[in-house]
Colleague: 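Just passing along the structure, written as structure tokens.
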Amino acid sequence: MINIFKKKKKEPSRLVGLDIALKVSSFVTGKEHLHYGLWERLDVTLDNLGKAQEAYTNLLFKYLPKKEPQKKLEILDIGGGAGENAKKLIERGHRVTIIVPSKILAEHAKKNTNNEAEILITTFEDYIPKNHSFDLCLFAESFQYIPIKTALKKASMLLKNNGEILIADCFRSDKKQIGIIRQPGGGASLKSMEKELEIQKLKILVRKEITKLVAPSVELEQKFYNTLGFSIKRIITSLNINRPITLKFLKIVYKIFFSKRRRKRLEKRLFENTRTACSFIKYNHYMIYKLKPGNK
């Protein structure tokens with residue numbers, strides 16, 4: 001007999017956010033990129049988001065390992081999202097294995113890569129490799145979700161001789177955050193990253209900071225939330241006039257399901273302008289690392 005009362009495993013909020021972001025990105029740009037844009041000589045508008053994200057991908061691909069003529073790279077795309085990067089890598093003749101934690105993302109990745117990539121629904125921590133190893137382990141905005149020590153050590157073990165690790169992601173600066181509002185960006189501190197690179201004796205082939213070039217993405221995101229906030233305010237005004245009892249009930253439900261702290265954070269996100277390019281630059285270092293294990 002099936003136990004319909006069996007407690008279900010909780011779904012991480014990050015997966016929900018990724019699935020929603022995928023839908024929004026597809027609607028706005030026609031593609032399914034889940035990363036920052038590179039805003040170099042581009043006006044920061046929704047119309048240019050797709051171009052900025054393409055510019056980011058083009059920059060990232062400049063740091064792919066140099067290959068011999070006719071040689072295909074074996075690439076492990078860790079946290080590969082909806083497969084947009086993998087699609088371009090396959091078009092360049094490479095073989096790609098994608099790791100994603102979400103079934104929805106996996107379905108989109110399968111479609112975007114025309115079923116030409118191997119797709120595994122798991123986390124990098126739980127990933128059990130097969131016999132073959134890789135020329136490149138790629139972390140494109142997935143590194144911050146994995147403990148630094150685990151990510152670097154496991155990636156190093158998965159590489160062939162002369163294999164490389166390519167990371168593009170946020171790292172926190174030394175600036176102390178004040179208040180309950182989480183500043184934009186994320187990840188571990190840059191200082192802890194540099195320390196772990198030294199401990200694991202990883203050779204730094206490239207160390208490039210692009211914080212100022214990706215920071216405008218945060219302001220565009222803030223404008224999106226402010227648009228939602230305006231819509232919510234307009235609905236509240238209408239309900240207050242036409243259906244005051246309904247509005248009162250909704251406010252009660254809102255307080256039941258959201259703590260005071262969460263309400264405050266959500267309302268600041270929707271109705272204020274707390275997430276700016278300046279705050280992103282202050283609290284983050286957006287880095288591109290190209291690494292090589294010392295024993296490879």
Side-chain angles (χ1 to χ4, degrees), residues 9-18 34-36 60 63-65 73-83 85-86 89 96-103 105-106 109 117-174 182 185-209 283-296:
K9 186 178 179 181
K10 286 187 176 180
E11 183 179 37
S13 59
R14 178 167 63 89
L15 296 188
V16 179
L18 284 171
L34 293 174
H35 56 72
Y36 286 77
L60 184 65
Y63 300 109
L64 294 175
L73 294 175
E74 292 279 357
I75 298 174
L76 181 63
D77 189 0
I78 300 152
N85 284 340
L89 290 169
V96 183
T97 299
I98 305 173
I99 292 176
V100 286
S102 159
K103 290 182 180 179
L105 287 175
E118 181 180 4
I119 302 169
L120 306 172
I121 305 173
T122 184
T123 62
F124 186 57
E125 295 94 321
D126 294 333
Y127 168 58
I128 301 175
K130 296 181 180 180
N131 294 327
H132 69 282
S133 52
F134 299 91
D135 297 297
L136 178 70
C137 283
L138 173 63
F139 297 87
E141 292 191 7
S142 57
F143 191 82
Q144 64 176 281
Y145 302 111
I146 309 167
I148 290 177
K149 182 177 180 179
T150 301
L152 293 175
K153 187 174 182 180
K154 190 165 186 177
S156 297
M157 292 172 59
L158 292 170
L159 294 175
K160 298 177 182 178
N161 289 334
N162 296 317
E164 296 172 359
I165 301 168
L166 182 58
I167 300 166
D169 214 332
C170 285
F171 297 87
R172 286 298 192 185
S173 70
D174 292 334
R182 183 179 180 276
S189 71
L190 184 62
K191 186 179 291 185
S192 64
M193 175 63 169
E194 293 286 339
K195 183 178 179 181
E196 192 60 36
L197 290 176
E198 188 175 341
I199 291 171
Q200 297 198 29
K201 295 181 171 58
L202 287 160
K203 183 179 179 181
I204 301 175
L205 304 177
V206 173
R207 184 185 186 277
K208 182 179 179 66
E209 181 162 0
Y283 291 105
N284 297 275
H285 296 281
Y286 196 105
M287 307 297 299
I288 294 179
Y289 281 105
K290 186 177 181 180
L291 310 168
K292 187 174 183 180
N295 60 346
K296 295 287 185 179

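Any value given below was found using the heavy atoms of this structure, including those in side chains, with hydrogens, waters and symmetry copies removed.
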Colleague: If I take atom CG from residue Asn162 and atom CG from residue Leu136, how far apart are they, to the nearest 0.5 angstrom?
Modeller: 13.0 Å
Colleague: Can you tell if the side chain of Val206 reaches within under 4.5 Å of the side chain of Glu164, non-hydrogen atoms only?
Modeller: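 Val206 vs Glu164: side chains apart.
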Colleague: Does Leu202 reach the side chain of Pro293, with side-chain heavy atoms less than 4.5 Å apart?
Modeller: yes
Colleague: So, do Ile204 and Leu291 sit near enough that their side-chain heavy atoms are less than 4.5 Å apart?
Modeller: yes
Colleague: Could you pull out the closest heavy-atom pair between Ser192 and Ala188, with the gap in Å?
Modeller: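 Smallest interatomic distance, heavy atoms only, reads OG-CB, 3.7 Å.
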Colleague: Please give me the minimum heavy-atom distance between Lys160 and Ser133, naming the atom from each residue.
Modeller: CG-OG, 3.0 Å
Colleague: Nearest 0.5 Å, what's the CG-CD1 distance between Leu166 and Ile288?
Modeller: 7.0 Å
Colleague: Got Val96 and Leu138 here, is their nearest side-chain heavy-atom distance under 4.5 Å?
Modeller: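 A side-chain contact under 4.5 Å is absent here.
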Colleague: Distance check, rounded to the nearest 0.5 Å: Ile167 atom CD1 versus Arg207 atom CZ?
Modeller: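 The CD1 atom of Ile167 sits 12.0 Å away from the CZ atom of Arg207.
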Colleague: Which heavy-atom pair separates Pro65 from Leu73 by the least distance, and what is that distance?
Modeller: O-CD1, 3.8 Å
Colleague: Hey, does the side chain of Glu141 reach the backbone of Tyr36 with a donor-acceptor pair shorter than 3.5 angstrom?
Modeller: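 Confirmed, Glu141 side chain pairs with Tyr36 backbone.
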Colleague: How long is the straight-line distance from CZ of Phe143 back to OH of Tyr289, given to the nearest 0.5 Å?
Modeller: 9.0 Å
Colleague: Which residues pass the side-chain hydrogen bond (donor to acceptor under 3.5 Å, both in side chains) test with Asp174, not counting sequence neighbours?
Modeller: none
Colleague: Quick one: closest heavy-atom pair of His285 and Arg172, and the distance?
Modeller: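 Nearest pair, atom of His285 first, then Arg172: CD2-O, 4.2 Å.
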Colleague: Taking atom NZ of Lys154 as the centre, does the number of heavy atoms from other residues, nucleotides or ligands within less than 6.0 Å exceed 12?
Modeller: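 Yes, because the 6.0 Å sphere around NZ of Lys154 holds more than 12 heavy atoms from other groups.
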Colleague: Could you state the interatomic distance from CG (Leu76) to CZ (Phe139), rounded to the nearest 0.5 Å?
Modeller: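 Atom-to-atom, Leu76:CG and Phe139:CZ are 7.5 Å apart.
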Colleague: So among Asp77, Ile78, Ile75, Leu120, which one has a side chain to side chain contact (heavy atoms under 4.5 Å, CB included) with Thr97?
Modeller: Leu120
Colleague: Test of understanding: with side-chain hydrogen bond (donor to acceptor under 3.5 Å, both in side chains), list the residues that count as partners of Thr122, not counting sequence neighbours.
Modeller: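 By the side-chain hydrogen bond (donor to acceptor under 3.5 Å, both in side chains) rule, Thr122 matches no residue at all.
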Colleague: May I ask you to decide if Gln144's main-chain N or O and Asp169's side chain share a donor-acceptor pair within less than 3.5 Å?
Modeller: yes
Colleague: Show the nearest heavy-atom pair for residues Ala168 and Leu60, with the distance to one decimal.
Modeller: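 That closest heavy-atom pairing would be CB-CD1, 3.7 Å.
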Colleague: What are the two closest non-hydrogen atoms of Lys149 and Gln200, and how far apart are they?
Modeller: O-NE2, 3.2 Å
Colleague: Which distance, rounded to the nearest 0.5 Å, do you find between the CD1 of Ile165 and the CG of Leu152?
Modeller: 6.0 Å
Colleague: Checking side-chain polar atoms at under 3.5 Å, does Tyr145 have a donor or acceptor matched by the opposite partner on Glu125?
Modeller: no
Colleague: How are the rings of Tyr127 and Phe134 set to each other: parallel, tilted or perpendicular (split at 30° and 60°)?
Modeller: tilted
Colleague: Using only atom types and a distance under 3.5 Å, with no angle test, would you say the side chain of Lys201 pairs donor to acceptor with the backbone of Gly294?
Modeller: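 No; judged by distance alone, with no hydrogens or angles, the pair does not exist.
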